[in-house]
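The structure appears right after this line, and notes come after that.
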Protein chains: 2
Amino acid sequence: MRKAQTAVSASKTRRERVELKEEAIVDVAYEMFLERGYAKTTIAEIARRSGVADGTVYLYFQNKEAVARAVVASFYIRLTRQAQEGVDELTSIADRLRFLARHHLENVMNERRILEMLPFFEFAVESYDGSELFQMNKAYVTVFDRVAKDGISAGDIRKDLSLWALRDVFFGAMEYGARTMLIKNRPGDLDHFIDNLMRLVVIKNAAAAGSDAAAQLASITQRLEAAASRIEKAAGKIR
Amino acid sequence: MRKAQTAVSASKTRRERVELKEEAIVDVAYEMFLERGYAKTTIAEIARRSGVADGTVYLYFQNKEAVARAVVASFYIRLTRQAQEGVDELTSIADRLRFLARHHLENVMNERRILEMLPFFEFAVESYDGSELFQMNKAYVTVFDRVAKDGISAGDIRKDLSLWALRDVFFGAMEYGARTMLIKNRPGDLDHFIDNLMRLVVIKNAAAAGSDAAAQLASITQRLEAAASRIEKAAGKIR
DNA sequence: ATTTATAATGAAGATTGCTCATTATCGACA
DNA sequence: TGTCGATAATGAGCAATCTTCATTATAAAT
């Protein structure tokens with residue numbers, strides 16, 4: 001019993017060092033993949049920059065792909081945490097959605113090379129469904145899903161789309177939008193794109209001027225008020 | 001003069017053979033990249049299946065990446081031609097847009113491995129802008145752009161989005177939608193997704209039955225006005 | 001038929017992912 | 001504190017693959 005415990009605590013310190021080294025490797029790999037992309041990043045240099053031998057990397061990761069997966073995983077963890085934190089600090093559905101859009105866009109644009117590696121693994125894994133990265137992606141989009149569901153039931157988000165389609169529109173649009181904005185680098189495009197995206201998803205406030213729906217409502221209201229006046233007159237005659 | 005001409009025609013037959021061989025290599029490479037993806041496809045086997053030596057491939061293409069670019073280019077050429085043909089056969093904006101969506105989704109889902117290679121080149125090229133693939137992508141989305149512009153001026157497509165944002169939403173949404181549909185392979189999802197996408201972009205005809213908000217409001221207004229009229233009549237009788 | 005330019009070859013070089021026999025390190029225990 | 005065993009780390013070498021280039025083959029021109 002005591003023997004087992006000491007063994008555990010002893011191996012734990014070793015473990016801690018091991019895990020620190022693992023983190024160091026992932027951090028170095030993250031930088032390199034971000035700078036050069038997957039193909040041009042070599043295990044040899046990851047090892048060199050991490051201060052270990054080539055072979056040591058393979059004590060921690062099955063192969064180069066596994067290193068890249070760990071890098072993407074660390075990206076998702078941060079992305080998800082930041083997304084949730086941002087959502088928690090805001091109250092209205094529109095603000096939350098807008099934050100998620102900006103947050104995602106900025107990250108996709110800055111860490112593009114990291115995300116570029118994803119398609120490589122997704123279908124390489126026999127069943128992506130169930131894989132670690134699939135779970136992380138799921139956790140990330142769940143932050144959006146919760147906001148979307150709230151928005152739909154509150155009437156702030158259009159409810160004529162299924163949730164999965166809405167989600168794919170939201171994130172897919174940003175993927176392409178980010179690409180376009182990176183290619184033609186015009187200031188102000190980010191806000192413009194987010195506005196456009198919100199316009200698609202968020203239901204406009206009827207009080208807002210210029211919207212077709214608002215105009216219709218105004219017209220309807222006038223007609224109803226006219227009808228009410230007629231009724232009032234009629235009632236007056238009755239009296 | 002005559003000498004030059006014979007030289008040209010002579011070199012032309014040679015050229016023709018050369019170009020046939022180039023096409024053969026691209027065709028073989030297309031199959032292999034589609035089956036196995038970029039990394040697991042070797043130049044050696046492309047050469048073998050094409051009936052040439054390894055080195056011969058490098059007479060036609062600078063390197064493996066250039067082979068892959070040629071493959072993607074051939075994909076874009078077909079995609080663009082089919083898209084334009086389909087659009088030409090249809091008349092209404094909604095039909096055309098729906099066709100483009102289905103066409104794109106089917107191709108993205110079937111030839112995913114080919115498109116997966118794109119991100120690899122895009123930013124590897126010093127300026128993607130101006131590259132061959134950029135031009136081909138541009139030609140392809142131009143088919144959409146023309147339909148979208150027509151639709152916007154005709155009032156069939158919402159005009160509160162800029163064209164580039166609309167385009168990125170359209171294609172980006174499909175990229176993600178395709179991925180989702182491939183992962184969870186449920187029948188009927190394709191039509192469902194296209195419906196959802198159309199709902200976002202195409203302006204509903206107010207005259208169409210079942211269009212919710214506007215029609216409902218109109219109906220309610222009519223009923224209220226009718227009620228007002230009955231009250232008026234009743235008041236008249238009273239008097 | 002000879003010459004010359006073009007096309008093709010495939011062995012060798014270079015890079016890089018990955019393995020494994022060997023060495024080093026660290027904690028436990030007497 | 002010194003020894004031992006398990007765990008961790010090493011890096012030379014293997015294997016796979018992209019790419020080059022000296023050599024050979026082919027086809028057109030004269």
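The analysis underlying the following values was restricted to heavy atoms, covering all of them including side chains, and did not include hydrogens, waters or symmetry mates. Chain letters run A, B, ... following the sequence lines, proteins first and then strands; every chain starts at 1. Keep in mind that what you see is a predicted model, and the values were worked out from it rather than measured.
Taking the centre of each ring, B:Y140 and B:F75 stay at or above the 6.0 Å mark.
To the nearest angstrom, P of D:dG11 lies 14 Å from CZ of A:R48. Across the protein-nucleic acid pair, A:E19 atom CD and D:dA8 atom P stand 11 Å apart, rounded to whole Å. If you measure from atom CG of B:L20 to atom P of C:dA7, you get 14 Å, rounded to the nearest angstrom. Here the C1' atom of nucleotide C:dT9 and the NZ atom of B:K21 are 11 Å apart, to the nearest Å. Note: CD (A:E22) to C1' (D:dA9) measures 15 Å, nearest angstrom.
Summarising the local packing, CD of B:E35 is surrounded by more than 12 heavy atoms from other residues, nucleotides or ligands at distances under 6.0 Å.
Formation of a donor-acceptor pair under 3.5 Å by the A:R199 side chain with backbone atoms of B:D160 is found in this model.
Bending across the helix from C:dA1-D:dT30 to C:dA30-D:dT1, expressed as the angle between its end axes from five pairs apiece, amounts to 10° (10° rounding).
Residue contacts for A:V18: at a heavy-atom cut-off of 4.0 Å it reaches the sugar-phosphate backbone alone, with no base atom in range. Using a 4.0 Å heavy-atom criterion, one finds that B:Y60 contacts the sugar-phosphate atoms exclusively.
Relative ring orientation between B:F121 and B:Y38 is described as perpendicular, the plane-to-plane angle rising above 60° on a 0-90° scale split at 30° and 60°.
Out of C:dT9, D:dT10, C:dC26, the shortest distance to the side chain of A:R17 is found at C:dC26. In this structure, the nucleotide among D:dG11, C:dA7, D:dA9 sitting nearest to the side chain of B:L59 is C:dA7. Nearest nucleotide to the side chain of A:V52, out of D:dA9, D:dT10, C:dT9: D:dT10.
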Where do N or O atoms of nucleotides 15-17 of chain C meet protein N or O atoms at under 3.5 Å, pair by pair?
unit_1: C:dG17; atom_1: OP1; unit_2: A:T41; atom_2: O; d: 3.4
unit_1: C:dG17; atom_1: OP1; unit_2: A:K64; atom_2: NZ; d: 3.2
unit_1: C:dG17; atom_1: OP2; unit_2: A:I43; atom_2: N; d: 3.0

Query raised in the report: Can you list the steps and then say if B:E111 with B:Y30 is a side chain to side chain donor-acceptor pair (under 3.5 Å)?
Result: CA-CA 10 Å; B:E111 328 267 298; B:Y30 195 114; 2.5 Å; yes
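A cation-pi contact links A:R179 to A:Y176, judged by a cut-off of 6.0 Å to the six-membered ring centre and 45° from its axis.
Note that CG of B:L197 is 9.5 Å distant from CZ of B:R98, once rounded to the nearest 0.5 Å.
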